[in-house]
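Chain identifiers are assigned alphabetically (A, B, ...) following the order of the sequence lines, protein sequences preceding nucleic acid strands; residue numbering begins at 1 within each chain. Reckoned from all heavy atoms, side chains included, excluding hydrogens, waters and symmetry mates.
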Protein chains: 2
Amino acid sequence: MPSAQEPTGFRPRRLSRASAATQIADQVRDAILRGELPAGSRLPAEHELAEQFVVSRATVREAIKLLSAARLVESTRGAAGGTFVVVPDPAAVAASIGDTLSLWFASGSTSLAEVSEAREAIERVCVRLAAQRRDEEDLADIRRAVEGGRDPEIDSDAFLRHDLEFHIAICRAAKNQVLELPMTAIHLIRPWTNTVVFELLDLGQIADQHQAILDAIEAADGDEAERAFDRHIAYLAELRAEALHERPETDVPIASLVAQQAHPALARLRPRG
Amino acid sequence: MPSAQEPTGFRPRRLSRASAATQIADQVRDAILRGELPAGSRLPAEHELAEQFVVSRATVREAIKLLSAARLVESTRGAAGGTFVVVPDPAAVAASIGDTLSLWFASGSTSLAEVSEAREAIERVCVRLAAQRRDEEDLADIRRAVEGGRDPEIDSDAFLRHDLEFHIAICRAAKNQVLELPMTAIHLIRPWTNTVVFELLDLGQIADQHQAILDAIEAADGDEAERAFDRHIAYLAELRAEALHERPETDVPIASLVAQQAHPALARLRPRG
DNA sequence: AGTCTTTCAAATGTCAGACGTTTACGCGAT
DNA sequence: ATCGCGTAAACGTCTGACATTTGAAAGACT
């Protein structure tokens, strides 16, 4: 008989048979992904599913909870109620990813510098694409955000909201969902990163920089838009460096920020199902 | 009495008091995010939670299922079993985000072109950063992936695995988790995108292009690494154009791909809890 | 005939208690 | 010291019942 330890890249898999609830959830999930259960369609009633799978209703309910947490299905009560396959909503998906990301950041060792670096790299691409692809609606959105940020009496919360709207609108104008989604998710956790330097911001200067980016995008000048964006970023980097110099503890793992203040933007967007 | 319709931006919130299970899940989730329940810590036993919240055990279990689907907690059976706050694993988080993304792509109208565009934009940044920051371990990983792809007898599956490993290793070498995570997620759905043109690939040429990128990264030459990457991308774009020309139906919404073949990479990585 | 009210039934939400299954840990025998 | 076994703790599942919500049909009134 051969030895139990073979030199091949073999590693014993954690077998532990999945629970009934998990298996049912998997089957339903696959059916949904396979297209057998189109969005909006209704699953059989719980007692019927229980009958079909030969399990108790409690088990079926646990399976449904697994799917509903993943936003695959939604349950409603009442006579015409039931469990329905959810029609995906981009905002909800972005919020969900933002949730996952912030959870990860919160327990990891990711620093503000890392978030900023990624944000700048991806958004630079978005800015360039936005200059090529923006339509009138995009321009209106961006313009509204810039105007909103000009209010001299603005407070921290409102400023961050307009800033968020500005950058998200640009990413939307790039017309690439695969870029827009992670970017939106990153922006959603950015309020945490910006509160650190908020007191140092010259709001008028920020508004002017935003305006310059908007102008270049409106003129469909990708190169200039990228340059304007770079100037904006350079200004922020300068502030961060200043903050870092005065208070070296500024570049901390995000976990401590999360612990201090409860998510301002995500609180509104977080799924509650 | 004022009319029910006011001109202000008011919109009635969906009130419908959340279910007990949802509320419990929210409370526990907040406690975890707030840091009161650190990773690895153990929740009270189900019957204790039921007692504390004054609900039945079934309700507590449904709440736990909601959290476990979000990978926030994990339950184990046995004497020393219980429900524990999960220690986030980057690979698992990436797989989870990849899951969410592909689900979204599957039900949306996202096209292969969009995925490729985003992938190329972000990875270009990773390649440049990798040239600056790679350590010996990164180089070894990348080298191993390149060598693995040289096997002339390689089949489609093995090739895609090594290709995936190559690109993920580069993103890892960029030493920015915020870039690495979405990039890995995108790469995880890439097998779907690559199978379309696989039959047209000149595997030897691909290996040479990978080698050129590796060499530049090893030489810490960011500019050359980016150029080599651009050449690689240009070659792939050429193939895609060719495929698009021969079979215009190639640039289809990803949904149809998902429907046809069951996720090759995700099948192994998909959460089963 | 049309509208309002009442009743009803279907479906999810929750409860209570019980039993099955898994698994770490300690105890005793070898 | 090691092996085997029992035990208890915890999750997994079952059963059956009741509570709550809500659309829709049946009925009553104008």
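Both A:Gly78 and A:Ala58 sit near DNA chain D, but only A:Ala58 has its closest nucleotide nearer the 5' end.
No N or O donor and acceptor, one from the side chain of B:Arg77 and one from the base of C:dT23, sit under 3.5 Å apart.
A:Gln177 contributes no side-chain N or O that, together with a main-chain N or O of B:Glu114, makes up a donor-acceptor pair within less than 3.5 Å. A side-chain donor-acceptor contact under 3.5 Å links A:Ser19 to the backbone of A:Thr22. When atom types are taken as modelled, the side chain of A:Asp138 and the backbone of A:Asp135 share a donor-acceptor pair closer than 3.5 angstrom.
Between A:Arg172 and A:Glu165 there is a salt bridge, since a side-chain N of the basic residue sits under 4.0 Å from a carboxylate O of the acidic one.
A close approach under 4.0 Å does occur between a side-chain nitrogen or oxygen of B:Thr83 and OP1 or OP2 of D:dC11. The side chain of B:Thr76 contributes no N or O atom lying less than 4.0 Å from OP1 or OP2 of C:dT22. Between C:dA11 and A:Ser75, no contact under 4.0 Å exists linking OP1 or OP2 to a side-chain N or O. Contact annotation: B:Arg61 side-chain N/O to D:dC11 OP1/OP2 distance is not under 4.0 Å.
Between the side chains of B:Arg119 and B:His167, a donor-acceptor pair is found at a separation under 3.5 Å.
In this structure, B:Lys65 places its NZ atom 17 Å from P of C:dG13, rounding to the nearest Å. Taking atom CD on B:Glu62 and atom P on D:dC11, their separation rounds to 16 Å, with Å as the unit. Rounded to an integer number of Å, the gap from CD1 of A:Ile64 to C1' of C:dG13 is 12 Å. Atom C1' of nucleotide D:dA10 and atom CZ of B:Phe84 are separated by 10 Å, given to the nearest angstrom.
Residues satisfying the side chain to side chain donor-acceptor pair (under 3.5 Å) test with A:Ser75, not counting sequence neighbours, are A:Thr83. Contacts of A:Glu180 classified as side chain to side chain donor-acceptor pair (under 3.5 Å), with partners at least two apart in sequence or in another chain: none.
Nearest to the side-chain atoms of A:Thr59 among the listed nucleotides C:dA24, D:dT21, D:dT13 stands D:dT13. Distances were taken from every side-chain heavy atom of A:Arg57 (C-beta onward) to each of D:dG12, D:dG23, C:dT14; the shortest belongs to C:dT14. Comparing D:dT21, D:dT13, C:dC15 by their nearest atom to the side chain of A:Ala21 picks out D:dT13.
Near DNA chain C, defined here as any heavy-atom distance below 4.0 Å, the residues from residues 42-56 of chain B are B:Val54, B:Val55, B:Ser56, listed numerically.
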